[in-house]
Amino acid sequence: MTLHQAISTARQRHVPSLTVLEAILFLHAGPVPMSVLAGKLRITASGATQLVDTMAPWAERTADPGDRRKKIIWLNEAGRLLAEELLAP
C-alpha cells in the first residue's frame, strides 16, 4: 500500500490525524510505555495522554505492573486490524 492509499484508508476509518496514524503503526510492534510513545512521536507527556485518549477506538492503556506510576499502551483488536490493513502490500 502506498502512503497515499494508507492515508486514504485511515481517513475512511475515521483516524483523526497523521499523529494518531503514526502512533497506530508504531504500536503495531507491541505494547510500549507512554513515555516511549511520547519520545517516538516527539510530543510531551501530557500530549501523549491526550493522544492516547483520542486513540480510544484503537488502543488501550494500563498501569505498568512493575511501576504503577507508568502507563503501558497497546493496540486493541480494532487497532491491530487497522495497522495490519495499512501495512499490507
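- A donor atom on one side chain and an acceptor atom on the other are found under 3.5 Å apart for Thr2 and Gln5.
- Ile73 and Ala59 get closest at one heavy-atom pair: CG2-CB, 4.3 Å.
- Cluster membership check: Leu81 does not share its hydrophobic cluster with Trp58, using side-chain heavy-atom separations under 4.5 Å among Ile, Leu, Val, Met, Phe, Trp and Tyr.
- Summarising the geometry of Ile24 relative to Ala83, their closest heavy-atom pair is CG2-CB, 4.0 Å, with the distance given to 0.1 Å.
- Pro57 and Ala78 get closest at one heavy-atom pair: O-CB, 3.6 Å.
- A distance of 6.0 Å separates CZ of Arg61 from OG1 of Thr49, quoted to the nearest 0.5 Å.
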> When you look at Ile72 and Met34, which way does the side-chain contact (heavy atoms from CB on, under 4.5 Å) test go after all the steps?
Replying inline: CA-CA 6 Å; Ile72 303 294; Met34 180 101 66; over 6 Å; no
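- Between Pro16 and Thr54, some side-chain heavy-atom pair lies under the 4.5 Å cut-off.
- With hydrophobic clusters built from ILVMFWY side chains whose heavy atoms lie under 4.5 angstrom apart, Val15 shares a cluster with Phe26.
- One hydrophobic cluster holds both Leu41 and Ile7 under the rule that ILVMFWY side chains link at heavy-atom gaps under 4.5 Å.
- Following chains of ILVMFWY side-chain contacts shorter than 4.5 Å, one can reach Val36 starting from Leu21, so the two form part of one hydrophobic cluster.
- A continuous path of ILVMFWY side-chain contacts below 4.5 Å connects Leu27 to Leu25, so both sit in one hydrophobic cluster.
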>> For a side-chain contact (heavy atoms from CB on, under 4.5 Å) check, start with the C-alpha distance between Lys40 and Val32, then their side-chain angles and the critical distance, and finish with the verdict.
In response: CA-CA 11 Å; Lys40 173 67 177 169; Val32 297; over 6 Å; no
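- Atom CD of residue Glu60 and atom NZ of residue Lys71 lie 13.5 Å apart, to the nearest 0.5 angstrom.
- Atom-to-atom distance recorded for Leu18:CG and Glu22:CD is 8.5 Å, nearest 0.5 angstrom.
- Note that CG of Leu37 is 6.0 Å distant from CG of Leu51, once rounded to the nearest 0.5 Å.
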